[in-house]
Enquirer: 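I'd like to ask you about the structure that follows.
Just so you know, these numbers use all the heavy atoms, side chains as well, and skip hydrogens, waters and symmetry mates.
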Amino acid sequence: MENEITVSVFFGFISSVLLAVVAYFIRQLHTDFKSMEKDMTEVKTMALIIKTEFKNSQDLLNQKVEYLEQRINKIELNQLKHSDNEK
């Protein structure tokens, strides 16, 4: 009888220790997922900021190109008028 109680206590102790280890690792995993979720949010925010900056830079470059095209067209027209006047 005493042997059965000792074996039961031993298995109970082992079960408790194993459950505690599993609970510890699950808690660590949960913490890791929380930090990963936070990191992913930061990455998404940074990606959105970079995307916005690139879009603004592209818009600015497009405006500069359009302005330069207009200037070239004006210069070409002036050059054509000047050459026509010389003839």
Enquirer: Tell me if the CE atom of M40 is crowded by more than 12 foreign heavy atoms within 6.0 Å.
Expert: no
Enquirer: If I take atom CG from residue L80 and atom CD1 from residue I75, how far apart are they, to the nearest 0.5 angstrom?
Expert: 12.0 Å
Enquirer: Mind checking what makes salt bridge (Lys or Arg N to Asp or Glu O under 4.0 Å) contact with D32, not counting sequence neighbours?
Expert: none
Enquirer: Among residues two or more places apart or on two chains, list those pairs meeting salt bridge (charged side-chain N to carboxylate O under 4.0 Å, His left out) that have a residue in residues 63-77.
Expert: none
Enquirer: N56 vs L60, test: side chain to side chain contact (heavy atoms under 4.5 Å, CB included). Steps then yes/no.
Expert: CA-CA 6 Å; N56 289 340; L60 183 62; over 6 Å; no
Enquirer: For F25, which residues count as a side chain to side chain contact (heavy atoms under 4.5 Å, CB included) partner, sequence neighbours excluded?
Expert: V21
Enquirer: Which other residues belong to the hydrophobic cluster containing L77, where Ile, Leu, Val, Met, Phe, Trp and Tyr are joined when side-chain heavy atoms lie under 4.5 Å apart, directly or via other members?
Expert: none
Enquirer: Give me each pair satisfying salt bridge (charged side-chain N to carboxylate O under 4.0 Å, His left out) with a member in residues 34-50, each pair once, sequence neighbours excluded.
Expert: none
Enquirer: Tracing side-chain links under 4.5 Å among I, L, V, M, F, W and Y, which residues wind up in one group with V22?
Expert: I26
Enquirer: Only counting residues at least two apart or in another chain, list the ones meeting side chain to side chain contact (heavy atoms under 4.5 Å, CB included) with I14.
Expert: F10, L18
